[in-house]
Enquirer: 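Before I ask anything, here is the structure I am working with.
Naming: A, B, ... by sequence-line order, numbering from 1 per chain.
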2 protein chains.
Amino acid sequence: MSHSLDAPLPPENITLEVVAKVAGVSPATVSRILNGSARVSDRKRSAVMAAIKTLNYRPNALARGLAQGRTNSIGVLTQDIASPFYGEALRGVEDALAGTGMIPLFASGHWRLEDEIERMEHLLSRRVDGVIVLTGKLSDAQIEAYAKVVPIVVTGRHMQSEQVTSLSIDNSLGAYIATRHLIEYGHTRIAHVAGPADHIDALSRLKGYRDALVEAGIAFDPELVAHADFHEPGGVLAIHQLLATRKTFSAVFAANDQTAFGIQLALSRHGIRVPDEISVVGFDDLPVSSYMIPPLTTIRQPVYEMGVASAKALVAMITGQPYTPQLAPPELIVRASSKLLRR
Amino acid sequence: MSHSLDAPLPPENITLEVVAKVAGVSPATVSRILNGSARVSDRKRSAVMAAIKTLNYRPNALARGLAQGRTNSIGVLTQDIASPFYGEALRGVEDALAGTGMIPLFASGHWRLEDEIERMEHLLSRRVDGVIVLTGKLSDAQIEAYAKVVPIVVTGRHMQSEQVTSLSIDNSLGAYIATRHLIEYGHTRIAHVAGPADHIDALSRLKGYRDALVEAGIAFDPELVAHADFHEPGGVLAIHQLLATRKTFSAVFAANDQTAFGIQLALSRHGIRVPDEISVVGFDDLPVSSYMIPPLTTIRQPVYEMGVASAKALVAMITGQPYTPQLAPPELIVRASSKLLRR
DNA sequence: ATGAAAGCGCTAACAT
DNA sequence: ATGTTAGCGCTTTCAT
């Protein structure tokens, strides 16, 4: 009648209850041990540990999350999982979370508002304990709305409230420093290949460029500004555009490194030598930038650190601890692509 | 006694039950609508949809997963979330999953066995429906063991069983093609900067290089092989090493593009022109490779496609459908870093 | 210090 | 076509 030897039981799921049974204790006790939520006698503890080991028990994070009302996971809304730039931030988040028992869930918004919303909803459906939003197209109001549901850390803008911490790199300052560097090198005809006109970072960098010029008494010339898309091909196109204007310039400040790569290649194709004829300065300091030929002078942003700080800030918000993220200012990295203008 | 106006209710969690109540139907009906698991009258359906809308209801994925025994999520065990190479694969996975309702959980093993195991356990704890393992250090036996728990797709090796699908790029062939290209260009003194000696891909590429030489009747010279680490600085070091041997060579085949970047820079620092004096060929075709100066001749691997195929294969395994992943062979991309040897 | 029992939000038989 | 009921695997009062 009951189970016999020749009718093997179905491979039973190893649950906490099974562990309890094997260890001869109640489920509650096992739970207490797993969570360290109460004192348990050493005898029972070791019995339970042994059972866990031999049964190869893996706690079910879903059940745990359901019961506790928290999942020990945080959402990270990025734009492109393969971005050389944001990749560093993701790594920072991951590293900062290591050892905290929290796990990051990465989702990509592809710079499309609708995608961002969809991913956000997905993350919330999974009941993440918090979300890090790496720039993107969500409006401040939308962020605020989501913040009613979970604590949020957002980069690339300024907003502060009970449930929102923002963290940003001073793009404008970085661009100012880059332009200033070229000016100090004697350049006065400095072109700028900007990013997309609807991108907040691009706009800030354009502003920094402009500020530095004005400060140095150099007139801002709109014809020396070309807009690109933050990617290499855009840099190539922009140079074509700039050269076509027949305006002269001895230096180019690119809105980011990828754009600078395109610029360097396009110049080289035109037989224009960098830095001898034209100096190039980028922005970001991607890992490969120091391996370009010539190695790229650029503005180093603490992206990795930004990832770390975001994660720490979010965890602090979740656990209710105080934490004020601090970010180093952008820093000029002088390499071989920029050069003193010979008179 | 009961709740009064001046004692506002705690902000009630909007659950499926609440939706049901508001719509005047049973929870089961709401569930059926959400899952399309049975026909529901149009009247009730619209009532429910309305309630969902006004309440801004978000299904709890945890509860759903617990009840269904599946989470609609798959684990992706990569090595480095910011790797320019694997990044493309991650993107492929993400794209392939878009629209299937499945979400990828990315975890990094950092090329450390212990980390890989820890991340794997974490993913299993979260009850992912399957796992994609992008190379890494787990042994075949370990993969098999995990495959007892969830279906697995693994790249970079050959193993096949009920619960394991493997998918790999023919590294050896790619290296053969690269070397063959140099030979056809008249080179006979071809150096190779290999990857780590404990890396399966590095070994296969070394083999392909060797095979091509032997086939062409060129003696394999161990002194023309330097080992590096798949990263840029390793390429720089390797060139120093190679030049120090005082052996002559007119071409270098690098085990990957990042190594080739280091090589190009090191050569340029030594005043050796690429490709006039030395031709360089890489492996991977990273997005930036076509923007190096000179643009890098390399072997294009279908990494993105590999990500797509992995995801499709895994989903097929999970849903019990048949699917045999097909991967394009590696392809030679001739750019400016390699050149016909002048006699 | 430990156990019993209720409940987290959902789905899946089983009824009707 | 729809409602009722019993879990999914865990945590957490509440007892003892």
Enquirer: For A:S31, report the nucleic acid contact type (base, sugar-phosphate, nothing); a contact means any heavy atom under 4.0 Å.
Expert: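 Base contact.
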Enquirer: Taking the minimum atom-to-atom distance to the side chain of B:L66, which one of D:dC10, D:dC8, C:dC10 wins?
Expert: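 Minimum distance to the B:L66 side chain belongs to D:dC8.
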Enquirer: Between B:P59 and A:A38, which residue's closest nucleotide on DNA chain C lies nearer the 5′ terminus?
Expert: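 The residue whose closest nucleotide sits nearer the 5' end is A:A38.
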Enquirer: Rounded to the nearest angstrom, tell me the gap between atom CD1 in B:I33 and atom P in D:dT2.
Expert: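 Interatomic distance, CD1 of B:I33 to P of D:dT2: 8 Å.
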Enquirer: Report yes if a side-chain nitrogen or oxygen of B:S41 is closer than 4.0 Å to either non-bridging phosphate oxygen (OP1 or OP2) of D:dT2; otherwise report no.
Expert: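 For B:S41, the contact criterion (side-chain N or O under 4.0 Å from OP1 or OP2 of D:dT2) is met.
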Enquirer: Between B:E88 and B:R91, does any side-chain N to carboxylate O distance fall below 4.0 Å?
Expert: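 A salt bridge links B:E88 with B:R91.
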Enquirer: Would you say the side chain of B:D129 lies within less than 4.5 Å of the side chain of B:V150, judging by non-hydrogen atoms?
Expert: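 B:V150 vs B:D129: side chains apart.
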Enquirer: Between B:Q163 and B:K148, is there a side-chain heavy-atom distance shorter than 4.5 Å?
Expert: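 The answer is no; the side chains never approach within 4.5 Å.
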Enquirer: Without decimals, in angstroms, what is the distance between A:I14 CD1 and D:dC8 P?
Expert: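 My rounded result for the distance is 15 Å.
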Enquirer: Among A:R112, A:E116, A:K137, which residue satisfies the side-chain hydrogen bond (donor to acceptor under 3.5 Å, both in side chains) criterion with A:Q79?
Expert: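 Per the side-chain hydrogen bond (donor to acceptor under 3.5 Å, both in side chains) rule, the option paired with A:Q79 is A:E116, out of A:R112, A:E116, A:K137.
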Enquirer: For B:E17 and D:dA6, give me the distance from atom CD to atom C1', rounded to whole Å.
Expert: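 Going from CD in B:E17 over to C1' in D:dA6 covers 14 Å.
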Enquirer: Decide yes or no for A:S108 and A:R119: does some side-chain heavy atom of the first lie under 4.5 Å from some side-chain heavy atom of the second?
Expert: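 The answer is no; the side chains never approach within 4.5 Å.
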Enquirer: Taking for each residue the nucleotide of DNA chain D bearing the nearest heavy atom, is the 5' side occupied by B:R39 or by A:A63?
Expert: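 Mapping each residue to its closest nucleotide by heavy atoms, the 5'-most match is B:R39.
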Enquirer: Once you round it to whole Å, what is the distance between C1' of C:dT11 and CZ of B:R70?
Expert: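 Taking CZ of B:R70 and C1' of C:dT11, I get 13 Å after rounding.
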Enquirer: Where do N or O atoms of nucleotides 3-5 of chain D meet protein N or O atoms at under 3.5 Å, pair by pair?
Expert:
unit_1, atom_1, unit_2, atom_2, d
D:dG3, OP1, B:K44, NZ, 3.2
D:dG3, OP2, B:S26, N, 2.9
D:dG3, OP2, B:S26, OG, 3.0
D:dG3, OP2, B:T29, OG1, 2.7
D:dG3, N7, B:R32, NH2, 2.6
D:dG3, O6, B:R32, NH1, 3.3

Enquirer: Find out whether A:L327 and A:L167 are in side-chain contact, i.e. whether some heavy atom of one side chain is under 4.5 Å from a heavy atom of the other.
Expert: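 Result yes, sub-4.5 Å side-chain heavy-atom pair found.
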Enquirer: Starting at atom CG of B:N13, determine the distance to atom P of C:dG9, rounded to an integer number of angstrom.
Expert: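 In whole Å, C:dG9 P lies 5 Å from B:N13 CG.
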Enquirer: Between D:dG9 atom P and B:R127 atom CZ, what is the distance in whole Å?
Expert: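 Between P of D:dG9 and CZ of B:R127: 8 Å.
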Enquirer: Take the protein atom CZ of A:R126 and the nucleotide atom P of C:dG9, then report the distance between them rounded to whole Å.
Expert: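 After rounding, the reported distance stands at 17 Å.
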Enquirer: Please assess B:T135 against B:Y86 for the test side chain to side chain contact (heavy atoms under 4.5 Å, CB included), listing each intermediate value before the final yes or no.
Expert: CA-CA 10 Å; B:T135 27; B:Y86 287 108; 2.5 Å; yes
Enquirer: Provide, to the nearest angstrom, the distance between the CG atom belonging to B:N60 and the P atom belonging to D:dC8.
Expert: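 Rounded to whole Å, this separation is 18 Å.
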